[in-house]
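Take a look at this one; I'll ask things after.
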Protein chains: 2
Amino acid sequence: MAAHNAPTRIAMLIYPRFTTLDLIGPQQVLSVLPNTVVHLVAKTRDPVTTDSHVTIVPDRDFADCEPEYDVVFIPGGHGTSVMVQDDETLDFVRTVAGKARYLSSVCTGSLILAAAGLLEGYRAASHWAFREFLSAYGAIPDDRRVVMDRNRMTGGGVTAGLDFALQLAAVLTDETFARTLQLVLEYDPAPPFDCGTPERADQATLEAAVTRLAGGVSAMRRVAAEHAAMR
Amino acid sequence: MAAHNAPTRIAMLIYPRFTTLDLIGPQQVLSVLPNTVVHLVAKTRDPVTTDSHVTIVPDRDFADCEPEYDVVFIPGGHGTSVMVQDDETLDFVRTVAGKARYLSSVCTGSLILAAAGLLEGYRAASHWAFREFLSAYGAIPDDRRVVMDRNRMTGGGVTAGLDFALQLAAVLTDETFARTLQLVLEYDPAPPFDCGTPERADQATLEAAVTRLAGGVSAMRRVAAEHAAMR
């Protein structure tokens, strides 16, 4: 046992047009773990604008962040299809990932982990409309809300970040603490409708959602196909 | 019917040590409503640090925001007990509230609405550990997750913001659109534990949560008691 109890260090990647809630659901949970440091890490120290138009100031940039993190987390969002082609970001992710105990993501963040070559042969979750593109990077799409495959922990679309983060909190601390956080966050959800997955949604809702996501899906489909052709 | 379809304007108050997820759950939903403008409004343009240590840049300050908003929203958090005594903030809230169609909050944000005198005789939700203090300001504590009393719409603790926001989205647009958003956000929650309210939690979890929240609760109790004594 170490004489000093070193803090758990968590790096959460942020990048232009990530989905705010993908980050903040988990960040709200992880930020209160005991003896834990959470850094929002971006390519530069410039404020980052999310895809819901919130401007967030990074804590660290790629150059000045800690040499090692215990956990690396990547949110998804409209910016994903750019990030999966961004060599500087993928290099950074590979570098911090090499020293991390856990690699994690929510929503289409798993596509960035996959594009960095870190989900080859791993089962992974993603947003339902984007999950299939994991295959182009050698990952195995899994439709569960939270998927743990060895030390890779990935969540499904956006709101899955809460379920993901409470499970990660239990792994990093213990179930007692994670239960306490669930009560502190009053997480006893009561969705107004029963349509949170394609399987549960009625046809009209599904079609409207598919239409709404069409631009992002076709951008990602093109990028994934190009990548698959080069493999 | 107006010749031009004026956008729906939503003001979301931000202040030091608000709870990030209180804001971002609803903001993620409201930011994609059609023909809608969402502003994060703070006392000044200085970046605001939340109680989970995220630094967010406001879109507007009290002086330069729109003259009228259709919806006013207030998140809760550790900073609530300061804000309920902050005359500049309460004056601002009263001013924008006077022209708004809906006044709304999540978590202890309802205490700020109440302290501004805007929930007198209204039923309101709040975080379970802070709900009782609504009475000191003439509001009626209600333990439902989302409470709509006339044009006041209040959510319970932190994660209730998602349930609140989808209901508000249905009011501001229609149920079809709100259902589509629920599917886009993949909101089919799967909490890892069954302990999201005091009633559902086991005794050990409840005691741990009460201990964790004790500092904030006693600060708010003192402030509410002083206010009640002056009424």
Side-chain angles (χ1 to χ4, degrees), chain A residues 19-21 23-25 27-28 31-32 38 40 47 52-57 59 107 127-129 145-146 156-160 162-163 166-167 170 175-198 200-202 204-206 208-209 212-213, chain B residues 19-21 23-25 27-28 31-32 38 40 47 52-57 59 107 127-129 145-146 156-160 162-163 166-167 170 175-198 200-202 204-206 208-209 212-213:
Chain A
T19 294
T20 328
L21 187 54
L23 174 79
I24 297 301
Q27 197 274 345
Q28 190 75 49
S31 67
V32 296
V38 177
L40 306 185
S52 71
H53 307 292
V54 177
T55 302
I56 294 178
V57 183
D59 300 313
C107 193
H127 188 288
W128 59 265
R145 194 156 170 88
V146 180
V158 196
T159 57
L162 278 168
D163 304 315
L166 288 167
Q167 290 195 38
E175 186 179 312
T176 304
F177 192 79
R179 293 174 72 91
T180 302
L181 290 187
Q182 185 171 328
L183 178 55
V184 166
L185 297 173
E186 209 172 307
Y187 189 39
D188 186 42
F193 314 111
D194 183 20
C195 62
T197 65
R200 302 175 82 87
D202 59 281
T205 299
L206 180 57
R212 200 171 168 78
L213 295 165
Chain B
T19 294
T20 328
L21 187 54
L23 174 79
I24 296 302
Q27 197 274 346
Q28 190 75 50
S31 68
V32 296
V38 177
L40 305 185
S52 70
H53 308 292
V54 177
T55 301
I56 293 178
V57 183
D59 300 312
C107 194
H127 188 288
W128 59 265
R145 194 157 169 87
V146 181
V158 196
T159 57
L162 278 168
D163 304 315
L166 288 167
Q167 289 195 37
E175 187 179 312
T176 304
F177 192 79
R179 293 174 73 90
T180 303
L181 290 187
Q182 185 171 329
L183 178 55
V184 166
L185 296 173
E186 209 172 307
Y187 189 38
D188 186 41
F193 314 110
D194 182 19
C195 63
T197 65
R200 303 175 82 87
D202 60 281
T205 299
L206 180 57
R212 200 171 166 78
L213 294 166

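Throughout, protein chains are lettered first and strands after them, A, B, ... in sequence-line order, and every chain is numbered starting at 1.
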Using a cut-off of under 4.5 Å for heavy-atom pairs, which of A:Thr176, A:Val32, A:Leu213 has the most such pairs with chain B? A:Val32
Would you kindly say whether A:Arg200 and A:Thr205 are connected by a side-chain donor-acceptor distance under 3.5 Å? no
Out of A:Ala208, A:Ala160, A:Ala204, A:Cys107, return the one with the most heavy atom pairs under 4.5 angstrom to chain B. A:Ala208
When only pairs under 4.5 Å are counted, which of A:Val54, A:Leu162, A:Asp202 shares the most heavy-atom pairs with chain B? A:Val54
Between B:Ala129, B:Ala170, B:Ala178, the one whose heavy-atom pairs under 4.5 Å with chain A are most numerous: B:Ala178
Tell me which of these, B:Leu183, B:Val57, B:Thr19, has more heavy-atom pairs under 4.5 Å with chain A than the rest. B:Leu183
Assess the residue pair B:Asp163 and B:Tyr187 against the criterion (side-chain contact (heavy atoms from CB on, under 4.5 Å)); give the C-alpha distance rounded to whole Å, side-chain angles, the decisive distance to 0.1 Å, and a yes or no. CA-CA 10 Å; B:Asp163 304 315; B:Tyr187 189 38; 2.6 Å; yes
Output the option from B:Pro47, B:Ala190, B:Ala201, B:Pro198 having the highest count of non-hydrogen pairs under 4.5 Å with chain A. B:Ala190
Between A:Ser31, A:Cys195, A:Ala209, A:Gly25, which residue shows the highest count of heavy-atom pairs closer than 4.5 Å to chain B? A:Cys195
Examine whether an atom of B:Leu40 lies under 4.5 Å from a heavy atom of chain A, and if so say whether it belongs to the side chain, the backbone or both; otherwise answer neither. side chain
Checked A:His127, A:Gln167, A:His53 vs chain B; the most non-hydrogen pairs under 4.5 Å come from A:His127
Interatomic spacing from CG in A:Leu21 to CD in A:Gln27 - rounded to 0.5 Å: 12.0 Å
